[in-house]
Amino acid sequence: MNKPLMKEMHTFGEQETCNQSSPSKKPTPPQPQNAITIAVSSRALFNMDREQDIYEQQGMEDYLKYQIQHEIEPFAPGPAFPFIKVKPVLLEENIHLYPDSEELFDVVLMTSNHAHVGLRLINSINHYQLFIERFCMTGGNSLIGYLKAYHANLYLSADSLKVREAIEEGIAAATVFSPGKITEVPETQLRVAFDGDAVLFSDESERIYKAHGLDKFFEHEKAHENKPLDHGPLKGFLEALGKLQQKFYAKGQRLDCPIRTYLVTARSAASSGTRALKTLRSWGLETDEALFLAGAPKGPMLEKIRPHIFFDDQMFHVEGAAELGTVAAHVPYGIAQKVQSKTARDVKKDMPAKQLE
């Protein structure tokens with residue numbers, strides 16, 4: 001595995017400890033059936049590498065004993081921490097715009113850990129003043145049924161096998177990686193960047209490219225530019241964000257909206273961008289910015305954008321983004337997963353048979 005992906009994020013923890021202020025009144029939890037529900041695993045939210053090593057090398061009983069002995073010590077932040085941390089800030093600062101809304105963010109901590117670990121997780125959440133009221137600790141059982149019961153709009157995990165299982169069950173999910181360096185992200189605006197093909201859209205066009213090459217891909221997109229692409233695994237999450245953005249637009253806050261979305265695609269604008277934009281329009285969706293890179297690396301552009309998270313179906317782009325400081329998440333969907341890079345094969349080979357999340 002590319003080592004920068006595994007670096008710890010202690011700097012975030014140090015910044016949060018220094019920046020903590022007196023506790024403010026927490027917003028009222030949204031109604032679960034109406035909320036934008038983000039399910040996040042404990043190892044995506046916090047850095048639990050040390051604890052995972054104990055579990056793998058010494059077994060469950062020593063793992064639980066260690067957790068209990070250290071339960072007053074907060075975990076260091078993990079890769080999903082900035083993405084989760086920004087949500088209560090947005091709600092507290094903008095609640096006056098939609099005081100009666102039920103379509104707010106709801107974060108559920110989903111973990112296959114034993115309930116004994118719950119106290120340390122609660123202590124860590126309170127330490128960082130995160131607004132997470134709902135926990136699901138399955139004690140080693142599958143999370144899939146619980147994800148469906150919570151109507152999760154998005155599942156973030158550090159375990160690629162669990163993410164694949166969720167994707168196969170029709171749940172929007174991604175494996176999140178730590179960046180190779182610390183990049184400051186905005187505290188008052190949530191920025192989410194999406195790849196297009198096999199993330200927001202289906203992998204229809206990518207299959208043409210893989211099978212027949214770039215020229216045939218351009219011909220196909222030109223011939224079908226007025227035919228919307230089918231939806232990809234994260235289309236529903238963009239739709240959920242869009243519904244919340246519309247509340248701000250209705251208040252005249254389009255230019256100052258605290259949520260900003262980006263399409264960052266390897267497509268070329270002139271030759272294949274039309275179909276992408278027309279597809280979003282046909283769905284009644286939009287992104288605030290659309291960046292057509294014509295095959296150029298995405299990392300430098302993402303470094304400029306500074307999103308809280310970036311979703312892509314290809315590990316090459318995920319690694320390139322992470323190396324330059326972006327929290328990147330891999331969406332294991334589509335034809336690209338059948339043409340794995342050497343790095344992706346190594347990741348799978350080196351993974352333990354069972355991981356605690």
Side-chain angles (χ1 to χ4, degrees), residues 12-13 16-17 19-48 67 71-139 141 143-158 166 171-173 176 187 190 237 240-241 243-244 247 258-259 308-309 356-357:
F12 275 117
E16 293 300 331
T17 301
N19 292 338
Q20 284 181 5
S21 56
S22 58
S24 58
K25 184 179 179 181
K26 292 183 177 180
T28 302
Q31 295 296 320
Q33 65 270 25
N34 298 319
I36 299 176
T37 301
I38 311 298
V40 60
S41 77
S42 55
R43 287 203 305 122
L45 183 59
F46 298 118
N47 187 313
M48 300 176 67
Q67 294 283 31
E71 66 184 17
I72 64 170
E73 300 174 14
F75 293 110
F81 186 91
F83 178 65
I84 298 301
K85 176 68 175 176
V86 75
K87 289 176 172 54
V89 175
L90 297 184
L91 299 185
E92 289 173 5
E93 293 193 356
N94 297 283
I95 197 71
H96 63 284
L97 292 175
Y98 47 93
D100 299 320
S101 174
E102 293 181 333
E103 291 180 329
L104 305 180
F105 290 110
D106 184 27
V107 179
V108 181
L109 185 68
M110 304 288 293
T111 174
S112 57
N113 266 291
H114 191 280
H116 275 314
V117 184
L119 285 176
R120 192 176 183 194
L121 290 169
I122 291 171
N123 290 336
S124 298
I125 285 168
N126 289 336
H127 174 78
Y128 296 112
Q129 299 181 7
L130 301 177
F131 183 46
I132 303 177
E133 297 292 351
R134 296 202 286 165
F135 276 36
C136 182
M137 293 173 280
T138 69
N141 288 336
L143 299 171
I144 298 300
Y146 297 99
L147 288 168
K148 291 182 176 180
Y150 279 113
H151 302 288
N153 297 98
L154 178 67
Y155 171 48
L156 297 176
S157 174
I171 299 167
V176 61
E187 294 184 356
L190 174 65
F237 181 53
L241 290 176
K243 287 181 180 179
L244 189 50
K247 295 181 179 294
I259 301 171
H308 292 82
I309 196 165
L356 289 173
E357 272 291 286

Could you go through the side chain to side chain contact (heavy atoms under 4.5 Å, CB included) check for Ile309 and Leu156 one step at a time?
CA-CA 11 Å; Ile309 196 165; Leu156 297 176; 4.0 Å; yes
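- Atom CD1 of Ile84 is separated from atom CG of Leu130 by 8.5 Å, given to the nearest 0.5 angstrom.
- Residues Asp106 and Tyr150 have side chains not in contact (no heavy-atom distance under 4.5 Å, counting atoms from C-beta outward).
- Nearest heavy atoms, Met137 versus His114: SD-O, 4.3 Å.
- Residues Gly118 and Phe135 come closest through the heavy atom pair O-CE2, 4.2 Å.
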Does the pair Val176 and Phe83 meet the rule for a side chain to side chain contact (heavy atoms under 4.5 Å, CB included), with working shown?
CA-CA 11 Å; Val176 61; Phe83 178 65; over 6 Å; no
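- To the nearest 0.5 Å, atoms CZ (Phe105) and CG (Leu241) are separated by 5.5 Å.
- Between Ser157 and Ser41 the shortest heavy-atom distance is CA-OG, 3.5 Å.
- For the pair Leu121 and Ser42, the tightest heavy-atom approach, listed with the atom from each and the gap, is CD2-CB, 3.9 Å.
- Interatomic distance, Leu147 CG to Met110 CE, rounded to the nearest 0.5 Å: 4.0 Å.
- Under the 4.5 Å side-chain criterion, counting only non-hydrogen atoms from C-beta, Asn113 is not in contact with Arg120.
- The NE2 atom of His127 sits 12.0 Å away from the CD1 atom of Ile72 when rounded to the nearest 0.5 Å.
- Between Leu109 and Val107 there is no side-chain heavy-atom pair separated by less than 4.5 Å.
- One distance of note links CG of Leu143 with OG1 of Thr138; it measures 4.5 Å at 0.5 Å rounding.
- Checking side-chain atoms of Lys85 against main-chain N and O of Tyr128 turns up a donor-acceptor pair under 3.5 Å.
- Once rounded to the nearest 0.5 Å, the distance linking CD1 of Ile38 with CG of Leu154 reads 5.0 Å.
- Between His151 and Thr37, the shortest heavy-atom contact is O-CB, 3.9 Å.
- Taking each heavy atom of Pro74 and Ser124 in turn, the nearest pair found is CA-OG, 3.3 Å.
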